[in-house]
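Values below: all heavy atoms of this structure, side chains included; hydrogens, waters and symmetry mates excluded. Naming: A, B, ... by sequence-line order, numbering from 1 per chain.
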There are 2 protein chains.
Amino acid sequence: MGQGDAEGTAPAPAQAELAQTFAGWRTKAFEAARCPVRNVLDRTGDKWSILILTALAGGPHRFSAILRLIPDLSKRMLTQTLRDLERDGYIARTVYPTKPPSVEYRLTALGGTLMEPLAALVRWAERSHPEIEAARVRFDGG
Amino acid sequence: MGQGDAEGTAPAPAQAELAQTFAGWRTKAFEAARCPVRNVLDRTGDKWSILILTALAGGPHRFSAILRLIPDLSKRMLTQTLRDLERDGYIARTVYPTKPPSVEYRLTALGGTLMEPLAALVRWAERSHPEIEAARVRFDGG
DNA sequence: CTGCATCCGACGGGATACTG
DNA sequence: CAGTATCCCGTCGGATGCAG
């Protein structure tokens, strides 16, 4: 049957949509660099962005407050990740020139809208966790 | 105003939800290794998983078919990524013992349900692309 | 055709120490 | 308090070659 496809797994609506989007990518060249999806996934995929965004979802926080909130997060990575997030417009930085300078970070409107699809993904991850674990045991052990 | 938060950006429902989830993480220790979200993001965040899943969203495909569909994807990375995806139960592998062996990969039910939140994220990425680009120009240039 | 092994460069990210 | 600079190592991933 050659490359005949479109069956096997019931093609849910989301699948069809993604398949469609993907078809578009191949045709008009996804130069990688300016691929919107890649840009977003490069952030959400790294080690700390999600955690930091999630922390800020509860309200604005100061540098050291975030540091205290997230275990194992170093100053170095916090600084760097905050810079990246700010550059992409997900968060905003406000400096208060007090005696010991204090800096506050908060979600922007853009960052806020990202929370929605992100929450959906998080929900999926938690819901599917048992099934994924089971699949791993099956794959590794048997 | 100290740590007083819960304002600045209108706390959308998704934000509140994520903030809630995050609070839970900190309390019951997110050992990283068995964190469901981390498990999922480790996949979606890597270089090829999404592309491959998206390709399979259009229907089952053979090894070399996927290779041809995705530019710049090497055999090495395709093999490795397929293994990881199979291990987590996102895709299924079927071997047809023909003269030159042919192997078909297809989305599982679990993989299919992942497409939904993933499509939402992709949609968000494409919709927000201009705004992100603008933020970058603002940050870099001015 | 499908997959594994090896080599190797690039990059993420941790530890530590120093500055305004 | 909020960064910056340096070192260093583990992993990701590309190139190539070999094997069922």
On DNA chain D, check which nucleotide each of A:F63 and B:W48 is closest to and give me the residue with the more 5' one.
A:F63

Sorted by position of nearest nucleotide on DNA chain D, 5' first, the leading residue of A:P100 and A:T79 is A:P100

[atom1]-[atom2] distance between [X] and [Y], expressed to the nearest 0.5 angstrom:
{"X": "B:L121", "Y": "A:E116", "atom1": "CG", "atom2": "CD", "result": "12.0 Å"}
{"X": "B:D140", "Y": "A:R87", "atom1": "CG", "atom2": "CZ", "result": "4.5 Å"}
{"X": "B:T113", "Y": "A:R127", "atom1": "OG1", "atom2": "CZ", "result": "7.0 Å"}
{"X": "A:T94", "Y": "A:R106", "atom1": "OG1", "atom2": "CZ", "result": "5.5 Å"}

Map A:P101 and A:K47 onto DNA chain C by nearest heavy atom, then report which one ends up closer to the 5' terminus.
A:K47

Between [N] ([atom2]) and [X] ([atom1]): distance, integer Å:
{"X": "B:M77", "N": "C:dC4", "atom1": "CE", "atom2": "C1'", "value": "14 Å"}
{"X": "A:D42", "N": "C:dG13", "atom1": "CG", "atom2": "P", "value": "11 Å"}
{"X": "A:R38", "N": "D:dG13", "atom1": "CZ", "atom2": "P", "value": "9 Å"}
{"X": "A:H61", "N": "D:dC1", "atom1": "NE2", "atom2": "C1'", "value": "17 Å"}
{"X": "B:I52", "N": "D:dG13", "atom1": "CD1", "atom2": "P", "value": "11 Å"}
{"X": "A:Q80", "N": "D:dA2", "atom1": "CD", "atom2": "P", "value": "18 Å"}
{"X": "B:R68", "N": "C:dC1", "atom1": "CZ", "atom2": "C1'", "value": "11 Å"}
{"X": "A:L73", "N": "C:dG13", "atom1": "CG", "atom2": "P", "value": "11 Å"}

A:V103 side chain, from C-beta outward: closest of D:dG17, D:dA2, C:dG13:
D:dA2

Using a cut-off of less than 4.0 Å, is there contact between a side-chain N or O of B:S102 and OP1 or OP2 of C:dT2?
no

May I ask whether B:I66 and B:Y96 are part of the same hydrophobic cluster, defined by side-chain heavy atoms of I, L, V, M, F, W, Y residues being less than 4.5 angstrom apart, directly or through others?
no

Using a 4.0 Å heavy-atom cut-off, does B:Y96 contact any base of the nucleic acid, only the sugar-phosphate backbone, or nothing at all?
nothing

Mark yes or no for a side-chain to base donor-acceptor pair under 3.5 Å between A:R76 and D:dG3, with no hydrogen or angle criteria applied.
no

